[in-house]
Amino acid sequence: MTQTEIWVYVQTNQTSVEPTSLQLITKAKEIAVNQRVVAVMPTVVSEKLINEVQEYGPDKIITLEDDRFKTATDTEIADVLYQVVSTRKPNSLLIPATVIGRSVAPRLQAMLQTGLTADCLDVYFDGDTLVQVKPTYGDDIMCEITCPDHQPQMATVRPNVFKAVKQNNDTTIEKADFEFHPETQVKASTPQSIISSAANIGDANVVVALGRGASSPAIIEKARKLAAKLGGMVGVSRPLTDSDEFGHESQIGQSGQSIAPDLLINFGISGAVQYLVGIENAKTIVSVNTDPDAPILAASDYAFVGDANDFMDNLLEQVR
Amino acid sequence: MKIVVCIKQVPKSDSVKIDPKTNNMIRDNVEGVINPFDKNAIEAALTIRDQLGGEVIILSMGPDSYMSSLRDGLAMGADRAVLLSSRAFGGADTLATGYTISQALKKIGDVDLVLFGRQSVDADTGQVGPIVAQYLDVPQITFVEQLRMIDQHTLIGQRLLDGSTQQVQVTLPAVVTVRAELNTPRYETPVNIQSSFEKNVDVWDEHDIDLDKSRIGQAGSPTVVKRVFAPDKKGRQTKTLNGNAKKAVQELLGQINN
Ligand SMILES: Cc1cc2nc3c(=O)[nH]c(=O)nc-3n(C[C@H](O)[C@H](O)[C@H](O)COP(=O)(O)OP(=O)(O)OC[C@H]3O[C@@H](n4cnc5c(N)ncnc54)[C@H](O)[C@@H]3O)c2cc1C
Ligand SMILES: Nc1ncnc2c1ncn2[C@@H]1O[C@H](COP(=O)(O)O)[C@@H](O)[C@H]1O
C-alpha cells in the first residue's frame, strides 16, 4: 500500500446520518496529509444515506449494508467493523463520541488490541502518527495522546467541535462483503426519540451558571429567580453536582453539556478548560468573580471583579 | 445471582492539582471517594440481590489506598470485595485495565452480571466496561437509566442514547454500565459500617490471577501521553464592568439591551 488511510465511522439510523460523523469527515480531510479519507458506514439499505455522506467528499465510502442495522447491538456493529478494519488495516479510525460511538469503540478496540483515546477535542497528524488532544485531570491542562506501536490509531471525538462542510470529490463507493453475526442473547428495540418535555440547558437561550464561588442555598434560590425572569435556566460547574440541588443534567462542560445560549452569566466559576469547552458557542458571556486573575474573565465579553451575591441582587433588582 | 460491581476510586470532586513544574498530578493528601457513577452500580446490584437473592462482590484495581472505597462499598451492603493491587498493574491504560479485570472476573467464576459506572470522573473514558464485556465475550448494555430483572436469567435495560431511548433485553451473563439517573445510592448505615469490617477483602496480585504479563500494566498499554500543555484560550474582547455592583449591572444592561 502506498497511501495510508484515515477512516471515519459513520453512524446512521434508519433515516439519518449522525451529524458528528460528517463533521469528522471534514476534519479528516483537513488533517490528512498523505492519507486518503474513507467513510465506513454500517447502514440499512438506503441510497439516500449514502448520498448524504458523499456530499461531504470523502475519497471513498465503504458501505456495509444490511437492514438488521436498524436495531443492531453494540457488539454486532463492532464485529462488522472489525471484519473490514482487520483486513484492510487503516492507519487510523475516528469515531463520533456519541453514546453509540462510545459503546462500540472500546469493544472494537479490544477486538483489535489497539489503543483508544476518548472524547478528543482535536486530532492532527505528525507524520503517520495521529496525535489525539483532550483535556485531562485538573485545572487548565490538555494532553496529547498517541498510540505509537499499534494500528489503527483510534479516537472518539466530541460532537460539535468541528463544522461539517460539503465538498465535491470523486468519491469511490464500494459495497463491502461481510457477515452479520446476530447476537442471539440480545434483543434490542428500535430507539424511540424522546419527546423532550423536560427543558434542557443545551437548548436554553439564557443560562445563569453557578460555580463553587456561588453555591450557598441563598444564591441558588436567587439564581433560579433570575433565570425565571430572563426566561432561562440554571446550569452549574461540576463541583455543584455533588450537592442534592443539581444533577448531572445541569452540568456544563466537557463531561457535562455543551451549551450555546444567547446570554450566559457565570457566577463564581473559575473557568477550568473542562468548563470552558462547554461554553465556547455561547454568544454573549458575562462573568462575575472575586479573583481578577480567574481565567473565566478573559474568556468573557463582560467581566465584573466582585462578589457574586452582590451582583446577583442588583441584577434581580434591575432586570424587568 | 452472583453480581460483581467494578469500582474505581477517584479524587474527591476537584481536589486534583497539577504540579506546575513537573506537570504531574499531585496525589498526596487527595481524599479518595468511590467514583459517583459506580455508587449507582452498587445500588443497582444491591437492589437485584434484595429481589432475587445471591451475592454482591466489589472489584477494584488500584493501590492499597483504594481499600477505603472498598470498605465504603461493603458498608453500603455488598457481601465481599476483591482488590487487584500490585506494582505490575501500574501505568495501565483502559485496555490493560480491562484485560486485568476480565481475568480477575474469570477467577471469581460463575459471574452472572458485571456492573460498571458509565465512566470514571477522572479518566472519563467509559471504556473499561465494554472492553471487559468483549474479553468475557458477553453482551453489554451501556448508559442504562432503567434496569429490571424479569427472572434469574433475563434482564431488560433502557439506555439513553443522544436524543432517544432504547430497550435492550439480554440473557445473562452480561455487562451493564449505568447512569446516575438509574437510582439513588443508599447511605451507609451504622450497622453496615460495623459489619463491613468483618467482611472479607481479598487482595490479589499478578501471581493470583492467570495473566499474560505482556498485557498488563504499562507494557500492556498501547497509548502514551506525549505531551501535557496549557491550551491557548480563545480569548474574547473582554469589557471590564467598573464601579460597584449596582453601576456595573446598569452598564451591562445598557450594553446588552442594545
Ligand atoms: C476529566 C475531567 C472532566 C471535567 N469535566 C468538567 C465539566 O464538564 N464541567 C466542569 O465544570 N468541570 C469539569 N471538571 C472540573 C474542572 O477541572 C474544575 O475543577 C471545575 O470546573 C471547577 O469548578 P468551579 O469553577 O465552580 O470551582 P473553582 O475552581 O473552585 O472556582 C470557584 C471560583 O469562584 C470564585 N469565587 C469565590 N467566591 C466568590 C464570590 N463570593 N463571588 C464571586 N466569585 C467567587 C473564585 O475566585 C474561583 O474563581 C472536570 C475535571 C476533569 C478532571
Ligand atoms: N481501576 C479500576 N478498577 C475497577 N473498576 C474500574 C477501574 N477503572 C475503571 N473501572 C470501572 O469502569 C468504569 C468506566 O471507567 P473509565 O473507563 O475509566 O471511564 C468505571 O465507572 C468503573 O466501574
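Reminder, nothing fancy here: chain letters follow the sequence lines and each chain counts from 1.
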Of the non-hydrogen atoms in [X] and [Y], which two are nearest, and what is the gap between them?
{"X": "A:A299", "Y": "B:R236", "value": "O-CD, 3.4 Å"}
{"X": "A:S300", "Y": "B:T238", "value": "O-OG1, 2.8 Å"}
{"X": "B:I131", "Y": "A:P106", "value": "CG1-O, 3.5 Å"}

With heavy-atom distances below 4.5 Å as the criterion, would you say the side chains of [X] and [Y] are in contact?
{"X": "B:L252", "Y": "A:F311", "value": "yes"}
{"X": "B:K226", "Y": "A:I145", "value": "no"}
{"X": "A:D74", "Y": "B:T142", "value": "yes"}

Which distance, rounded to the nearest 0.5 Å, do you find between the [atom1] of [X] and the [atom2] of [Y]?
{"X": "A:Q185", "Y": "B:Q169", "atom1": "CD", "atom2": "CD", "answer": "12.0 Å"}
{"X": "B:I256", "Y": "A:D301", "atom1": "CD1", "atom2": "CG", "answer": "10.0 Å"}
{"X": "A:E249", "Y": "B:L160", "atom1": "CD", "atom2": "CG", "answer": "11.0 Å"}
{"X": "A:N314", "Y": "B:Q250", "atom1": "CG", "atom2": "CD", "answer": "8.5 Å"}

Does [Y] offer a backbone N or O that forms a donor-acceptor pair with the side chain of [X] under 3.5 Å?
{"X": "A:S189", "Y": "B:Q166", "value": "no"}
{"X": "B:Q167", "Y": "A:A188", "value": "no"}
{"X": "B:Q140", "Y": "A:S103", "value": "yes"}

Top of A:D149, A:D119, A:I100, A:T284 for chain B proximity - count of heavy-atom pairs under 4.5 angstrom: A:I100
Pick from A:R107, A:Q113, A:K187 with the largest number of heavy-atom pairs that fall under 4.5 Å of chain B: A:R107
Of all of [options], which one pairs up most often with chain A through heavy atoms under 4.5 Å apart?
{"options": "B:L95, B:V168, B:I141", "result": "B:L95"}
{"options": "B:N244, B:T94, B:D124, B:T240", "result": "B:D124"}
{"options": "B:V132, B:N242, B:L172, B:V138", "result": "B:V138"}
{"options": "B:E181, B:K239, B:R118", "result": "B:K239"}

B:D162/A:R102 salt bridge by N-O under 4.0 Å criterion: no
Portion of A:V286 that has a non-hydrogen atom of chain B nearer than 4.5 angstrom: side chain
Side chain / backbone / both / neither for A:V319 at chain B, heavy atoms under 4.5 Å: both
Trace of the side-chain contact (heavy atoms from CB on, under 4.5 Å) decision for B:V228 with A:M142: CA-CA 6 Å; B:V228 179; A:M142 304 276 270; over 6 Å; no
Proximal component of B:E251, with respect to chain A [non-hydrogen, under 4.5 Å]: neither
